[in-house]
There are 2 protein chains.
Amino acid sequence: MKKITLIEDIETCFLCKNCLKEWLPAILAHKKNYKVKRSEVIFNEGDPVKGVFFVNSGVVKVHKRWGAEKELILRFASSGMIFGHRALGGDGIYSISATAIQEGIVSYVDMDFFETTLRVNADFAYKLLMFLAYDLRVSERKTRNLAHMPVKGRVAEALINLKDQFGLTAEGFINIELSRQDLASFAGATYETVFRVISELTQDDLLELSGKSIKIANYDKLLKLTEEAA
Amino acid sequence: MKKITLIEDIETCFLCKNCLKEWLPAILAHKKNYKVKRSEVIFNEGDPVKGVFFVNSGVVKVHKRWGAEKELILRFASSGMIFGHRALGGDGIYSISATAIQEGIVSYVDMDFFETTLRVNADFAYKLLMFLAYDLRVSERKTRNLAHMPVKGRVAEALINLKDQFGLTAEGFINIELSRQDLASFAGATYETVFRVISELTQDDLLELSGKSIKIANYDKLLKLTEEAA
DNA sequence: CGGGATTTTGAAGGGGCTCAACTTGAGTGG
DNA sequence: CCACTCAAGTTGAGCCCCTTCAAAATCCCG
């Protein structure tokens, strides 16, 4: 993720650490920290709302289940990012789940306090508003893609999104440790299909693999797969 | 749509007329009205952002295209509802389109003014925040459904959503005039498939047809189709 | 070394899309 | 009032992408 300082640059600002100054004092006084292990459930769809969370360290997947076996990963929250904020103004029940996919520390403030903060701190409310609008644009693009884009394009877009959010390692691999199952759930397809697609993309030199790590070898061709003409 | 007066009842509040009192004075001074005809495009994906709109009368579909022929309808904006607000904090380009599906009048205020209003009117900003969070929950449910729910369930859910938003006529039909093509785009499937599904549901006495109008004859069974066990 | 979880590969089946033809209906002009 | 036209509704057939199921191979960690 690019470093940014301006509020206006919302496209690359996920209410990240640069934005925290707006509500940092409030949080410091009220937050509680949790140490979370890999694959530890932070909250589940159907659970009563505890509050709004943000990631201190580690990575959290925000996902929604279908039946017992299937899920769709809606987004990943990495260091500095907020999650659980969709519960704002709701019925007090989480409509999505949050699970750590890397060990880390998450903080939360209870919902009442968070809402009070919003009412008192207009700047913070405004930033959150911008962030939610951005969230919505991303979500609706994903929705459209699931309806019309073939799996290959969705996998390509998923990888590009991961690269944009997590950046690259020194060797040029996408800087996140992600199980193939989670990648499949993020792309909205089955494990086997995603596996086959990745194999094919590797054959065609669009990707390069090293264990679980994935390197984008031909960004332009990958990007082209996400376009409508294909 | 149920009539509501409390802000807290956000699930049935779409920044509707009951909420307008917060920003009505500001709007009255600055809004411009447009008369729109059936199937008239209000703005298109890729257009520069003009401002934020709301519906005075009529019905507007908010949709996103894929290629030349395909689209997905994300939501409908009916009387009193806001649309175009996803452009907030964006890059100045609409990421979605808005098209009238019924003759009516839409108003808009330019984006700068709207953002100023948000900064000055904390109550309004707070309400919009709640609305966006609600919007996000709806959007993410739709996303999940497209990934995992079969077409029959999606059509069922689409009809239930339409009933909730537009209510029923005196005869018990869903109170909106909607082309089958638009219904299909709303459910995220093709015209033909949706047609067949509706035929089947009519055969099984879950629905009742009269011309283009649709009546839900067995709500419970229809609802069951949207559940995961099916 | 053993065993459970991933990875890899194959084969089968179906749900939904595509295409194409026919029917119906509404509007239009003669 | 009727023919004409064009859009929308209706139905059938084929097929393909993706899922599902199943099994073998490999990895990994105690």
Side-chain angles (χ1 to χ4, degrees), chain A residues 37-39 65-72 99 101 103 144-158 176-203 207-214 225-226 228-230, chain B residues 37-39 65-72 99 101-102 144-158 176-203 207-214 225-226 228-230:
Chain A
K37 289 190 293 250
R38 205 170 171 285
S39 83
R65 283 184 229 290
W66 174 261
E69 307 266 304
K70 295 181 183 175
E71 66 165 6
L72 180 74
T99 305
I101 63 169
E103 184 177 297
R144 194 271 318 263
N145 289 354
L146 278 166
H148 294 305
M149 187 187 280
V151 169
K152 196 194 273 195
R154 299 210 300 272
V155 170
E157 182 149 332
I176 182 177
E177 221 175 278
L178 196 62
S179 76
R180 287 293 142 91
Q181 181 56 65
D182 278 341
L183 178 58
S185 297
F186 187 47
T190 58
Y191 181 95
E192 295 92 327
T193 300
V194 169
F195 173 82
R196 285 180 244 257
V197 166
I198 287 186
S199 292
E200 191 188 339
L201 293 177
T202 308
Q203 294 270 317
L207 299 179
E208 199 173 305
L209 302 182
S210 164
K212 285 187 184 179
S213 300
I214 299 179
L225 291 178
T226 68
E228 306 175 11
Chain B
K37 290 189 292 252
R38 205 170 171 284
S39 82
R65 283 185 228 290
W66 174 261
E69 306 267 304
K70 295 180 183 176
E71 66 165 6
L72 180 74
T99 305
I101 62 169
Q102 268 179 34
R144 194 272 316 265
N145 289 354
L146 278 165
H148 294 304
M149 187 187 278
V151 169
K152 196 193 274 194
R154 300 210 298 271
V155 170
E157 183 148 331
I176 182 178
E177 221 174 278
L178 197 62
S179 75
R180 288 291 142 91
Q181 180 56 65
D182 278 341
L183 178 58
S185 296
F186 187 48
T190 59
Y191 181 95
E192 295 92 327
T193 301
V194 169
F195 173 83
R196 284 181 243 257
V197 166
I198 287 186
S199 293
E200 191 188 338
L201 293 177
T202 308
Q203 294 272 317
L207 300 179
E208 200 173 303
L209 302 182
S210 165
K212 284 187 184 178
S213 300
I214 299 178
L225 291 178
T226 67
E228 305 175 11

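Just so we're on the same page: letters track the sequence lines, and every chain starts at 1.
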Nearest 0.5 Å, please: how far is [atom2] in [Y] from [atom1] in [X]?
X: N145(A); Y: T226(A); atom1: CG; atom2: OG1; value: 8.0 Å
X: R38(B); Y: Q102(B); atom1: CZ; atom2: CD; value: 8.0 Å
X: L183(B); Y: L178(B); atom1: CG; atom2: CG; value: 5.5 Å
X: K212(A); Y: D182(A); atom1: NZ; atom2: CG; value: 9.5 Å

When the distance from [atom1] of [X] to [atom2] of [N] is rounded to whole Å, what number comes out?
X: E69(B); N: dT18(C); atom1: CD; atom2: P; result: 10 Å
X: L209(A); N: dT8(C); atom1: CG; atom2: C1'; result: 13 Å
X: E200(B); N: dT10(D); atom1: CD; atom2: P; result: 16 Å
X: Q181(B); N: dG9(D); atom1: CD; atom2: P; result: 9 Å
X: L178(A); N: dT6(C); atom1: CG; atom2: C1'; result: 14 Å
X: F195(A); N: dT7(C); atom1: CZ; atom2: P; result: 9 Å
X: R38(A); N: dA5(C); atom1: CZ; atom2: P; result: 14 Å

ask   = Out of dT10(D), dT7(C), dG9(D), which has the shortest distance to the side chain of K212(B)?
value = dG9(D)
query = Do T190(B) and T193(B) have side-chain N/O donor and acceptor atoms under 3.5 Å apart?
reply = yes
inquiry  = It should be established whether Y191(B) places a side-chain nitrogen or oxygen under 4.0 Å from OP1 or OP2 of nucleotide dA8(D).
reply    = no
request  = Considering non-hydrogen atoms only, spot the tightest contact between H148(B) and E71(A) and give its length.
outcome  = NE2-O, 3.0 Å
query = Just by protein heavy atoms under 4.0 Å, how would nucleotides 13-30 of chain D read 5' to 3' in B, S and -?
reply = B----SBBB---------
